[in-house]
Amino acid sequence: MFGRKATEKQSQATVTEGLIMEALRVVEDPDLHRDIVSLGFVKDLKVCGGNIAFKIELTTPACPVKNQLKNQAHDAVMALDGVENVEIEMTSNVRPRQMSNEELIPGVKHVIAVASGKGGVGKSTVSVNLAVALAHTGARVGLLDADIYGPTIPLLMGVDDQPEMVDQKIVPIERHGVMMMSLGFLLEEDRAVVWRGPMVAGAVRQLLSDVAWGDLDYLVVDLPPGTGDAPLTLAQSVPLTGVVIVMTPQDVAQAIANKSIVMFRMVEQSVGRPVPILGIIENMSGFLCPHCGKETPLFSAGGGTKAAARLGVPFLGSIPVDPNITISGDAGVPSIIMDPESRQADAFHRIAGTLAARISVLNLTGK
Ligand SMILES: Nc1ncnc2c1ncn2[C@@H]1O[C@H](COP(=O)(O)OP(=O)(O)O)[C@@H](O)[C@H]1O
Ligand SMILES: [Mg+2]
């Protein structure tokens with residue numbers, strides 16, 4: 001009896017679009033600190049009696065709190081009188097960085113440079129796994145190997161064919177869901193596709209403008225290590241959304257990371273536009289025992305966190321040392337694909353989400 005009355009009461013209540021939008025204001029994006037209604041994320045709201053459907057359009061498919069936002073929105077609308085069913089579709093639309101990529105790479109929304117103070121810290125390994133992790137979320141991702149000293153991305157991605165030319169453009173090679181291009185294809189004489197101009201900057205500009213990148217949400221660029229001319233020139237030639245710095249946890253690595261940051265501050269001044277440091281990633285943070293799974297710090301723990309705090313830049317996460325990372329690299333299969341259940345795969349996915357969220361915040365707030 002009671003239940004029936006309640007149902008009658010519910011079906012009489014009229015749900016309006018206004019009421020639903022009002023209810024959804026309780027759902028807040030934890031990174032942007034604003035509700036999803038005022039952010040304009042709620043789209044295509046349809047009300048049909050007690051059946052409600054809408055989309056939540058996030059600023060990145062890699063949003064780490066996607067499910068949390070969906071559940072909160074569902075519960076908020078479900079709590080309204082007269083609502084019987086709520087269908088929410090989570091979509092995304094990566095908004096481009098306001099600066100101009102038009103001239104070089106019109107379809108690319110964000111260029112993320114991966115840099116390191118020195119070689120051998122796992123910069124390329126991180127570039128590859130981050131690119132693949134972003135692509136796994138449904139983002140359209142490119143990977144440009146701009147490391148003139150050691151272009152290893154084709155090896156790490158298992159690519160041994162060479163790119164083709166169509167309509168005067170080099171077609172990137174698609175592997176593991178990522179569009180890949182390497183300076184190595186141009187540097188190796190016997191495989192040279194196009195090589196016009198000996199200058200590094202010219203080559204990189206060429207890699208951007210003469211490659212048919214198509215529409216990409218994120219283009220990850222593996223920069224040469226160090227703070228010499230080469231990374232500087234490259235960072236100046238490429239319109240960057242920001243830079244990710246890879247470091248290892250030793251104390252001395254902090255000093256080197258600091259040098260990289262100083263270098264990018266110089267780039268900022270010389271190009272006259274912001275080149276934000278998106279954050280620091282600590283690689284080889286501890287040894288993950290393949291037998292017992294326990295992680296032992298190799299150096300004093302928390303080096304990356306401390307360095308980030310001291311340098312005033314975000315900390316994006318740490319990746320343990322695992323011999324399987326080298327095995328997968330040598331096999332040309334990114335670690336997150338070869339060992340999807342591993343601790344490092346989890347770390348790469350988390351870092352990709354944090355990075356994408358960081359870019360969204362930067363884009364919407366400028367900070
Ligand atoms: N977290 C890790 N655990 C174990 N080996 C790693 C890890 N990260 C990188 N490596 C290995 O270290 C070596 C250098 O990595 P690489 O990505 O080529 O560095 P970089 O691009 O900075 O020179 C490679 O053999 C790679 O497999
Ligand atoms: Mg490298």
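Both counts, for ligands and for their atoms, begin at 1 and track the order of listing.
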Would you verify that at least one protein heavy atom lies under 4.0 Å from atom 13 (C) of ligand 1, or report that none does?
no
Counting heavy atoms under 4.0 Å, the part of T326 that contacts ligand 1 is both
- Between the main-chain N or O of K169 and the side-chain N or O of D167, is there a donor-acceptor pair closer than 3.5 Å? no
In terms of its nearest heavy atom to atom 1 (N) of ligand 1, the top option of S127, G122, S116, P320 is P320
Of all protein heavy atoms, the one nearest atom 10 (N) of ligand 1 is M284 CE, 3.9 Å
message: Looking at N129 and I336, would you say the former's side chain and the latter's main chain have a donor-acceptor pair under 3.5 Å?
response: yes
- prompt: Do any of the N/O/S atoms of S127, backbone or side chain, fall under 2.8 Å from the Mg ion (ligand 2)?
  reply: no
Side chain to side chain, P225 and K118, heavy atoms closer than 4.5 Å: no
Under 3.5 Å donor-acceptor, W213 side chain and P172 backbone: no
Query raised in the report: Do ligand 1 and T125 have nitrogen or oxygen atoms that lie under 3.5 Å from each other?
Result: yes
Nearest heavy atom to atom 8 (N) of ligand 1, choosing from N283, I319, D222, N324, belongs to N283
**Asked** Looking only at atom types and distance, does a side-chain atom of R175 sit under 3.5 Å from a main-chain N or O of G158, one as donor and one as acceptor?
**Response** yes
- Scan side-chain atoms only and decide if T60 and Y218 contain a donor-acceptor pair under the 3.5 Å cut-off. yes
| Is K123 reaching over with its side chain to a backbone N or O of G117, donor-acceptor style, under 3.5 angstrom? | no
Numbered in order shown, the ligand 1 atoms found under 4.0 Å of a heavy atom of K123 are 17 (O), 19 (O), 20 (P), 21 (O), 22 (O)
Among non-hydrogen protein atoms, atom 2 (C) of ligand 1 lies closest to I325 CD1, 3.4 Å
Hey, is atom 24 (C) of ligand 1 under 4.0 Å from any protein heavy atom? no
How about V132 and F348: do any of their side-chain heavy atoms sit closer than 4.5 Å?
no
S124 heavy atoms within 4.0 Å reach ligand 1 at atoms 17 (O), 20 (P), 21 (O)
Is there a side-chain contact between D322 and R343 (heavy atoms, below 4.5 Å)?
no
>> For ligand 1, which is the ligand I care about here, please tell me if G119 has any N or O atom under 3.5 Å from one of the ligand's N or O atoms.
In response: no
T152 near ligand 1, heavy-atom distance under 4.0 Å? no
Quick one: does G120 get an N or O within less than 3.5 Å of an N or O on ligand 1?
-> yes
Going through the checks in order, is the side chain to side chain donor-acceptor pair (under 3.5 Å) test met by D222 and S124? CA-CA 6 Å; D222 185 13; S124 302; 2.6 Å; yes
the protein heavy atom lying closest to atom 3 (N) of ligand 1 turns out to be D322 N, 3.0 Å
